[in-house]
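To start, the structure itself, in C-alpha cells.
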Amino acid sequence: MAGHFEATPGGGAAVALDEVEIAILRSLAVQLLELIGPGDEPAEGEDPLAALFAEGPSEPPSDPALARLFPEAYGDDDTELRAASAEFRRFTENDLRTRKRDDALVVVRTLDALAPQSEGASRSDSGKREEGVAVLTLTADECRNWLGSLNDLRLTIGTRLEVSDEDEGESGSLYRLPDSDPRKPMVMAYLWLGALQETLVETLMP
C-alpha cells in the first residue's frame, strides 16, 4: 500500500503516507484553495436563494493556472465562439469553483484527521497511524473528491512549470532534471501526484 492507493470494501481506497507526504499534500491543497478563492457567501440580510442564481464572470481568469482550471468552453477562434464561451462561463464558473473548493477541503479535512496524537490514542475513522506512517482510508465519495483535487493540483503545477506532453514521457525532460535545478522539488511533487492519481483511478475502475 505504501505510496499508492489500494481498493477497500465498499468502493473506497486507502494509501499509506508518512508525515512529510501528509504535510506536502496538505500544503498543496491549502494553496489550491487560496488560488481558487473563497466562496461567495450571501451578505447580511441577503436572500440565500438569490446567491444560488448569482452570475459568475464572463471573462477567463488572467492567471494562467486559473485559466487552466477554468478553461474556455468553445475556444476563441471567432467572435461567435467567444461570445458563447462567455455566456457559458457566466452561468457555470461559480458552480465549478465551488466543486473544486469542496474537493480541496475534503483533502485537507481527511489529512487533518491523521494529525499526530499521543501514543496509543484513538484514531479517526478516516485513518490510523502506525510507526510514523498513516493509513488514510477514504470512502467512495471522498475518493472522487481526492481524484478531482489531485487533477486540479497537477493542472496547476503543470501550468506553473509549463509542462508539455513530451516532458512527461519516461524519456521526457522531467525525469532528467539535475538536482541543482530549482524546479526539481516541484517536478518531483508533480510526478508523485500523478502516481497517486493513477493508482486512485485504478481503484475506482470496475
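Worth saying up front: this structure is predicted, and the values here are computed from it rather than measured.
- At least one donor-acceptor pair under 3.5 Å links the side chain of Thr159 to the backbone N or O of Leu155.
- By the criterion of side-chain heavy atoms lying less than 4.5 angstrom apart, applied directly or through intervening Ile, Leu, Val, Met, Phe, Trp or Tyr residues, Val20 is grouped together with Leu150 in one hydrophobic cluster.
- No donor-acceptor pair closer than 3.5 Å links the side chain of Arg101 to the backbone N or O of Leu33.
- Glu21 has its side chain within reach of Trp192: a pair of non-hydrogen atoms, C-beta onward, lies under 4.5 Å apart.
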Open item on the list: Quick one, Arg160 with Asp63, criterion salt bridge (charged side-chain N to carboxylate O under 4.0 Å, His left out). Give me CA distance, side-chain angles, the key distance, then yes/no.
Closed with: CA-CA 10 Å; Arg160 297 290 192 233; Asp63 185 310; 2.9 Å; yes
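- For the pair Leu177/Arg183, a side-chain contact is recorded, criterion being any heavy-atom separation below 4.5 Å from C-beta on.
- Side chain of Thr203 to main chain of Ala7: no donor-acceptor pair is present (N/O by atom type, distance under 3.5 Å, no hydrogens or angles).
- Note: the hydrophobic cluster containing Val201 also contains Leu25 (ILVMFWY, side chain heavy atoms under 4.5 Å, direct or indirect links).
- A distance of 11.5 Å separates CZ of Arg90 from CD of Glu59, quoted to the nearest 0.5 Å.
- For Glu142 (side chain) and Thr139 (main-chain N/O), a donor-acceptor pair under 3.5 Å exists by modelled atom type.
- Note: the hydrophobic cluster containing Ile24 also contains Leu191 (ILVMFWY, side chain heavy atoms under 4.5 Å, direct or indirect links).
- The main-chain N or O of Val107 is found under 3.5 Å from a side-chain atom of Thr110 such that the two form a donor-acceptor pair.
- Once rounded to the nearest 0.5 Å, the distance linking OH of Tyr74 with CG of Leu81 reads 9.5 Å.
- When side chains are defined from C-beta on, Leu17 counts as touching Leu111, because their heavy atoms get closer than 4.5 Å.
- Linking ILVMFWY side-chain heavy atoms closer than 4.5 Å, directly or via other members, places Leu105 and Leu69 in two distinct hydrophobic clusters.
- Note that CE of Met186 and CD1 of Ile157 are 5.5 Å apart. Values are rounded to the nearest 0.5 Å.
- Using a 4.5 Å cut-off on side-chain heavy atoms (C-beta onward), Leu96 and Arg99 make contact.
- Annotation: cation-pi pair Arg89/Phe70 absent, no NZ/CZ under 6.0 Å from the ring centroid and within 45° of its normal.
- To the nearest 0.5 angstrom, Leu153 atom CG is 9.0 Å from Gln31 atom CD.
- Taking each heavy atom of Pro61 and Ala67 in turn, the nearest pair found is O-CB, 3.8 Å.
- Salt-bridge annotation for Lys100 and Asp103: absent, with no side-chain N of the basic residue lying under 4.0 Å from a carboxylate O of the acidic one.
- A distance-only check finds a donor-acceptor pair linking the side chain of Thr98 to the backbone of Asn94 [under 3.5 Å].
- Atom CD1 of Ile36 sits about 7.0 Å away from atom OG of Ser149, to the nearest 0.5 Å.
- Taking each heavy atom of Cys143 and Gly12 in turn, the nearest pair found is SG-C, 3.8 Å.
- Using a distance-only test at 3.5 Å, with no hydrogens or angles considered, no donor-acceptor pair links the side chain of Arg97 to the main chain of Gly37.
- Summarising the geometry of Thr8 relative to Leu138, their closest heavy-atom pair is OG1-O, 4.3 Å, with the distance given to 0.1 Å.
- A donor-acceptor distance shorter than 3.5 angstrom exists from the side chain of Arg154 to the backbone of Tyr190, with no hydrogens or angles considered.
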TODO: Evaluate the salt bridge (charged side-chain N to carboxylate O under 4.0 Å, His left out) criterion for residues Asp112 and Arg109: first the C-alpha distance (whole Å), next the side-chain angles of each, then the deciding distance (0.1 Å), finally the verdict.
DONE: CA-CA 5 Å; Asp112 282 349; Arg109 289 166 180 164; over 6 Å; no
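- Closest non-hydrogen pair, Thr199 versus Phe5, comes out as OG1-N, 3.1 Å.
- Nearest heavy atoms, Ala134 versus Leu114: CB-CD1, 3.8 Å.
- Val30 and Leu136 fall into different hydrophobic clusters, where Ile, Leu, Val, Met, Phe, Trp and Tyr residues are linked whenever their side-chain heavy atoms come under 4.5 Å apart, directly or through other members.
- Under the 4.5 Å side-chain criterion, counting only non-hydrogen atoms from C-beta, Gln197 is in contact with Asn151.
- The distance from atom CG of Leu28 to atom OG1 of Thr156, rounded to the nearest 0.5 Å, is 9.5 Å.
- When all heavy atoms of Ala29 and Val108 are compared, the pair lying nearest together is CB-CG2, 3.7 Å.
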